[in-house]
Amino acid sequence: MKDETARPEGTDAVVTAAEIARLAGVTRAAVSNWRRRHEDFPAPVAGGTSSPLFALSDVRRWLESQRKGREVSAEVRLWERLRAEFGDDMLGGLTAVAEVLAEDGPDSIGGDDRTPLRTLIAELAADVSPGTLLADLTSRLVDSPGRAGSDGVTSARLIQAIKYIAGPPAGTVLDPACGIGSLLFAFADGDTQLFGQDIVPGNVRFAELRARLTGLTDVTFQAGDSLRNDAYPDLRAGLVVCEPPVGVAEWGRENLLLDARWEFGVPSRAESELAWLQHCYAHTAPGGQVVMVMPTSVAYRKAGRRIRAEIVRRGLLTHVVALPPGMAASHSLSVHLWVLRRPSEDHPAAETVRMTDLSALDASASFETGSGQSTEVLRIELLDDTVDLTPAAHIAAKLTDYVTEYAAVRRAIDQRMALLHDLLPPLGVGSGSLNDGASVSLSELARAGLIEISDDEALSTSKQLDSDYLNGFLRSAANNRRSTSASGTFRVDTRGARIPQMGIDEQRRYGAAFRDLAAFEQSVRELTELGRRATALARDGLTSGALLPPSDDKG
């Protein structure tokens, strides 16, 4: 099989933007800034627009010329210092930084033992504005893999989706579970008043500092539990946005049974999200909208059926959008966006509910819907025994061309089956003693400057080593055993892995075989997915009457 990523013999090793960031000890965003700001930054030598590849030797020369080679950036040093001083409370650390930048808490990072931290802040603030610096640090907090999930952070991608679905704000925006304010700030346009409330005082404090340092004045924050102690009882907003806490059983139901907000029904203890939904709706002005982030199970759980039926029956629910997994900051599951509008003279009750399924959307794609991703459903069709508001169920029923799609997936399976045999490389008989010979650890190769190591792969920086050979043996059974913890959880330990020693020509032979195996493995995964799709189409087509069983007549 031809390797599409292979380079001509003798050419330099190539690296991605992420690998350049690791080499320089900076974020990927910093590399993007270098590409925009420095005309002499190396041009890509391969790859596409979305994933360019750069010659490693050119990158190293440029980093050295800019003195960015192995020097850790001030931002990274500041982050490491905050981690050392504040531990897991990185929000507290960023709040202390923000207070210094705002000169609101001069003793927050004071004393002789914290002078280096102030020095780092001053070094960074000399190059960028305080608001930009805090925004960069906040982005790092959101992307930090060690950050706790339920800490009032809304991911950047989810914010983009909510903004797209909500459209332009209408005068006033409220977020009753605002966290550190990221979602609310997305609607700041100079003419819109923003109101936020959060149960965690530390979140509110940081949000206030963010607003001050970025020059936002039309924003008000209050600390407190919005369900138990509403800070804005008389506020009616043109837009209410909310990513509520997930799975909170103790949300105050016992003390709020007679609350006037439950006009669609008293939510059960297990349906805190429907309590938040009604709280948000209670704060909308006539013609105003609610855009809520909802777990997918709220769309069909039995406990919430009566409330779902009521918002559909009244024509308040206008849109349900299924988003891809991983867009929420607190978990990796898929979520829905529910859109409600309070009827007005200009916006009468909705006769249909738009169902949109973007659950298969690529990470960088726009939120515009394509063919087969959206449909309008009459509200009367939703008012059955289950009141299932899952978009995929309604889109599949209305838009699937079972005959055409089933025929197409069968053809795709036939083609994939024909390719599989050619993809699997023919392998000869070996001695079985390769692991008994001389070997070298990846950590030794890294110390010698022959490779660069990331979390789960090794990149050759020398003509003496082949990257595909390295990574093939990195995933060997022997190295897997070394990299599996006592609890049974698999963990790639790249530095502890050992690689057999052999000449470069032999390495390339192994590397080519490993590339073929990777292509075969990927094709098998795609075939499995096609099999699932074929089974689903066949079953749904047969049960709906769109498809018929094969005829017994074989003549």
Side-chain angles (χ1 to χ4, degrees), residues 174-177 197 199 224-237 239-322 335-344 347-355 377-391 393-394:
L174 168 67
D175 184 347
Q197 182 172 355
I199 194 171
D225 185 336
S226 291
L227 295 183
R228 291 184 173 96
N229 187 19
D230 188 357
Y232 310 106
D234 299 323
L235 177 64
R236 299 296 178 265
L239 175 63
V240 183
V241 292
C242 186
E243 183 185 9
V246 177
V248 178
E250 300 299 329
W251 54 269
R253 182 181 189 274
E254 291 74 12
N255 298 322
L256 298 171
L257 289 174
L258 301 179
D259 198 289
R261 289 172 293 182
W262 315 144
E263 60 176 291
F264 312 138
V266 179
S268 69
R269 290 181 75 251
E271 297 283 348
S272 62
E273 296 86 3
L274 292 177
W276 283 100
L277 180 75
Q278 295 188 75
H279 171 82
C280 291
Y281 185 77
H283 277 290
T284 56
Q289 286 192 111
V290 173
V291 181
M292 282 276 299
V293 180
M294 288 292 215
T296 57
S297 59
V298 181
Y300 58 81
R301 281 194 301 223
K302 184 177 180 180
R305 185 191 65 81
R306 186 162 64 91
I307 294 175
R308 294 196 302 272
E310 190 65 14
I311 63 175
V312 171
R313 185 185 65 79
R314 295 193 191 185
L316 310 180
L317 184 68
T318 63
H319 198 177
V320 180
V321 184
V335 294
H336 289 171
L337 297 182
W338 286 22
V339 183
L340 277 67
R341 186 184 291 276
R342 184 179 290 276
S344 67
H347 298 282
E351 294 298 328
T352 62
V353 178
R354 187 180 183 191
M355 294 287 179
V377 182
L378 289 170
R379 62 182 181 182
I380 191 63
E381 295 178 10
L382 296 170
L383 295 173
D384 55 15
D385 291 339
T386 58
V387 195
D388 188 347
L389 302 182
T390 306
H394 301 283

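Residue numbers count from 1 along this sequence. Heavy atoms only: backbone and side chains are in, while hydrogens, waters and symmetry mates are out.
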Checking [X] side chain against [Y] main chain: does a donor-acceptor pair fall under 3.5 Å?
X    : Y    : value
R354 : H319 : no
H283 : R236 : no
S226 : P176 : yes
R342 : T284 : yes
W276 : A177 : no
R341 : G288 : no

Electrostatic pair R306-E271, nearest N-O below 4.0 angstrom: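 No.
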
Measuring from [X]:[atom1] to [Y]:[atom2], what's the distance to the nearest 0.5 Å?
X    : Y    : atom1 : atom2 : answer
E273 : S297 : CD    : OG    : 6.5 Å
L316 : W338 : CG    : CH2   : 12.0 Å
L378 : E351 : CG    : CD    : 8.0 Å
H336 : L389 : NE2   : CG    : 9.0 Å
L382 : T352 : CG    : OG1   : 9.5 Å
I199 : R228 : CD1   : CZ    : 6.5 Å

Inspect the surroundings of [atom1] in [X] and state if more than 12 heavy atoms from other residues, nucleotides or ligands are less than 6.0 Å away.
X    : atom1 : answer
I380 : CD1   : no
D385 : CG    : no
L258 : CG    : no

Taking every non-hydrogen atom, the tightest pair across R253 and S268: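 Distance-wise, the nearest heavy atoms are NE-CA, 3.6 Å.
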
Among I311, I307, L340, V290, side chain to side chain contact (heavy atoms under 4.5 Å, CB included) partner for Q278: I307

No-hydrogen, no-angle side-chain donor-acceptor test under 3.5 Å, T386 and D388: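 Short answer, no.
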
